[in-house]
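Shown next, in structure tokens, is the structure this report addresses.
A, B, ... follow the sequence lines: proteins, then strands. Residue 1 opens every chain.
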Protein chains: 2
Amino acid sequence: MSEPLTQNIQDYLKAIYGLTSEGGEASTTALAARLGIAPASVTGMVQKLAALQPPLVIYQKHQGALLTPEGERAALEVLRHHRLIEAWLVESLGYSWDAVHEEACKLEHVISEEFETRIAAALGHPVRDPHGAPIPSAALVMPSTNDVPLSSLRGGEKAVVRRVRCEDAPLLRHLESLGLVPGAILGVSDFSPYDDNLTLKIGSRKPVVLGASVTRNVFVEMMG
Amino acid sequence: MSEPLTQNIQDYLKAIYGLTSEGGEASTTALAARLGIAPASVTGMVQKLAALQPPLVIYQKHQGALLTPEGERAALEVLRHHRLIEAWLVESLGYSWDAVHEEACKLEHVISEEFETRIAAALGHPVRDPHGAPIPSAALVMPSTNDVPLSSLRGGEKAVVRRVRCEDAPLLRHLESLGLVPGAILGVSDFSPYDDNLTLKIGSRKPVVLGASVTRNVFVEMMG
DNA sequence: ACAATAATTTAGGTAAGACTAAATTATTCT
DNA sequence: AGAATAATTTAGTCTTACCTAAATTATTGT
């Protein structure tokens with residue numbers, strides 16, 4: 001552990017981790033889009049991250065960025081902060097799940113180890129945040145899950161909602177109004193291969209049709 | 001309300017407010033010392049603060065800095081954040097009073113209005129932080145007090161401790177071990193005009209002698 | 001009053017981290 | 001394969017906020 005990383009570097013690492021773990025690769029353009037800056041700026045920064053001692057990313061021209069073990073540790077630390085803070089804003093301060101992301105994005109960079117430890121203990125060492133995202137352990141290990149994208153289900157299958165991967169407040173409010181929150185039980189009434197729409201029965205509500213842009217970001221656990 | 005102020009600017013305003021309200025003037029050197037930077041850097045920044053629209057400080061060469069009403073509002077906002085956060089770290093997360101300052105210094109710049117509102121409500125809208133420092137109201141008015149420096153007391157007088165103005169963790173722990181905390185009742189047994197030492201009886205403990213460097217920073221309310 | 005000293009400001013420089021525009025390298029399509 | 005397009009990198013610039021060293025302005029002591 002050398003000196004503390006800047007907020008900026010933490011944001012890069014978080015973005016690289018996010019893109020990588022969402023199945024894609026952390027290309028210059030993708031990083032630029034996620035960070036809201038110009039691609040040229042990303043190139044420069046990623047080169048710097050690769051030149052640090054120890055290096056936080058592995059970088060070769062036109063190959064995007066890959067986290068080193070040190071880089072991944074740092075990313076998981078930030079992610080742990082972010083998700084613990086979200087959990088704690090909801091549990092202890094009564095925030096709604098659509099309001100916590102912005103606040104957590106700012107707080108995640110400035111809290112101390114002591115703070116992290118105290119809120120984790122106060123919450124009973126949660127393994128998921130309010131959206132169902134897994135919270136890395138204190139040892140910075142990402143807990144394993146049986147999460148499967150809702151978009152992979154087909155007619156007749158039943159499942160429990162485990163995670164809603166979304167940071168857009170209006171959309172989160174909408175999904176909540178549909179009952180599509182972690183813990184909800186749903187059944188797939190129909191699948192349309194033409195547009196990938198799913199018709200879902202969520203709890204005892206009347207059926208809704210959801211497109212792939214949503215169902216790809218909702219994760220469920222299949223029920224026997 | 002224009003755009004949000006940078007953390008940097010907030011720190012300058014806080015420092016100017018602090019120096020001014022501690023009776024001194026916010027000279028370039030004093031600010032530099034408090035902020036831990038070179039005097040030359042302060043000059044440049046203060047000039048910038050005075051050139052902002054609206055100006056946050058009034059500045060004339062060799063005269064130090066003075067907050068404008070807008071500057072004072074901004075300083076009080078940061079101070080309110082800082083002190084509410086300290087209170088809440090102690091009350092809700094079980095921090096000790098010597099550990100909250102550092103954390104609050106980082107958090108004060110990043111919390112939202114919603115966060116401020118929620119912790120203020122959760123704490124019952126406190127008027128003092130854990131060290132007894134007054135917390136500006138939501139309307140950014142500094143509450144008035146009857147606080148008087150302990151150093152102004154003389155033999156035979158009795159008082160209640162209201163505030164311990166100190167950010168040094170080891171010293172805070174020492175003062176706590178002496179019982180010198182907000183709410184404590186003390187009597188002055190003796191005053192030495194040669195070195196300004198006070199001999200104090202704190203609660204029912206055995207007397208202690210404290211120098212002016214401490215007693216100038218402890219504030220009390222006189223008892224009938 | 002006037003020299004010595006202290007405080008302050010100016011001038012010039014550095015480091016981060018962003019930007020744009022231009023050059024280069026990959027990829028895709030026919 | 002070769003051309004068109006897309007992605008990426010390079011080069012050069014900007015801003016912020018700090019620094020040091022030198023010049024200036026105030027203050028203090030005799």
Side-chain angles (χ1 to χ4, degrees), chain A residues 2-16 19-20 22-53 55-67 71 74-75 78 105-106 109-110, chain B residues 2-16 19-20 22-53 55-67 71 74-75 78 105-106 109-110:
Chain A
S2 22
E3 23 43 89
L5 304 175
T6 66
Q7 160 163 359
N8 213 354
I9 293 180
Q10 291 181 337
D11 282 337
Y12 271 88
L13 297 177
K14 199 168 52 140
I16 297 168
L19 287 171
T20 303
E22 281 164 27
E25 50 180 320
S27 70
T28 303
T29 327
L31 279 171
R34 179 175 278 228
L35 293 168
I37 63 185
S41 307
V42 171
T43 301
M45 193 64 188
V46 165
Q47 287 172 343
K48 178 173 298 184
L49 295 180
L52 285 179
Q53 217 44 255
L56 298 176
V57 313
I58 294 168
Y59 169 74
Q60 289 180 172
K61 288 185 183 182
H62 303 96
Q63 305 274 129
L66 207 67
L67 293 177
V78 181
C105 269
K106 294 180 297 178
H109 303 292
V110 302
Chain B
S2 23
E3 53 312 334
L5 304 175
T6 65
Q7 160 163 359
N8 214 346
I9 293 180
Q10 290 181 336
D11 282 336
Y12 271 87
L13 298 177
K14 198 169 51 139
I16 297 168
L19 286 171
T20 304
E22 282 165 26
E25 50 180 321
S27 70
T28 302
T29 326
L31 279 171
R34 179 174 278 228
L35 293 168
I37 62 185
S41 307
V42 171
T43 300
M45 192 65 186
V46 165
Q47 287 172 343
K48 177 173 298 183
L49 295 181
L52 285 179
Q53 218 42 255
L56 298 176
V57 313
I58 294 169
Y59 170 73
Q60 289 179 172
K61 289 184 184 182
H62 304 96
Q63 304 274 128
L66 207 65
L67 292 177
V78 181
C105 269
K106 295 179 295 178
H109 303 292
V110 300

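With dA16(C), dC19(C), dT9(D) as the choices, the nucleotide that has an atom nearest any side-chain atom of Lys48(A) turns out to be dA16(C). Listed candidates were dT9(C), dA17(D), dA21(C). Nearest to the side chain of Ala40(A) is dA21(C). Checking dT9(C), dC18(D), dT20(C) against the side-chain heavy atoms of His62(B) singles out dT9(C) as nearest. Here the side chain of Tyr59(B) is nearest to one of dC18(D), dT9(C), dT9(D), namely dT9(C).
Rounding to whole angstrom units, CD of residue Gln60(A) and C1' of dA26(C) are separated by 15 Å. Note: CD1 (Ile37(B)) to P (dT14(C)) measures 20 Å, nearest angstrom. Protein atom CD of Gln47(B) is 15 Å distant from nucleotide atom P of dT16(D), rounded to whole Å. Rounded to whole Å, atom C1' of dA18(C) lies 12 Å from atom CG of Leu35(A). Rounded to whole angstrom, the span from the CD atom of Gln63(A) across to the P atom of dT27(C) amounts to 8 Å. Whole-Å rounding puts the Asn8(A) CG to dT16(D) P distance at 17 Å. Taking atom CG on Leu52(A) and atom C1' on dA16(C), their separation rounds to 13 Å, with Å as the unit. Across the protein-nucleic acid pair, Leu31(A) atom CG and dG17(C) atom P stand 15 Å apart, rounded to whole Å.
When the side-chain nitrogen and oxygen atoms of Tyr12(B) are compared with OP1 and OP2 of dC18(D), one or more of them lie within a distance under 4.0 Å. Residue Ser41(A) places no side-chain N or O under 4.0 Å from the OP1 or OP2 atom of dA18(C). In this structure, Lys61(A) does not reach the dT24(C) phosphate: none of its side-chain N or O atoms is under 4.0 Å from OP1 or OP2. Residue Thr6(A) places at least one side-chain N or O under 4.0 Å from the OP1 or OP2 atom of dG17(C).
Taking the side chain as every heavy atom from C-beta outward, Leu5(A) and Leu13(A) approach each other to under 4.5 Å. Within the 4.5 Å cutoff, the side chain of Leu19(B) has no heavy atoms near those of the Glu25(B) side chain.
Heavy atoms only, all atoms of each residue included: Thr20(A) and Ala26(A) are closest at OG1-CB, 4.2 Å. Contact between Tyr12(A) and Leu31(A) at its shortest, heavy atoms only, is O-CD2, 4.5 Å. Nearest heavy atoms, Ala50(B) versus Tyr59(B): CB-CB, 3.8 Å.
When each of Ala30(B) and Met45(A) is assigned the nucleotide of DNA chain C bearing its nearest heavy atom, the one mapping closer to the 5' terminus is Ala30(B).
Thr28(A) comes within 4.0 angstrom of the backbone, heavy atoms only, and of no base.
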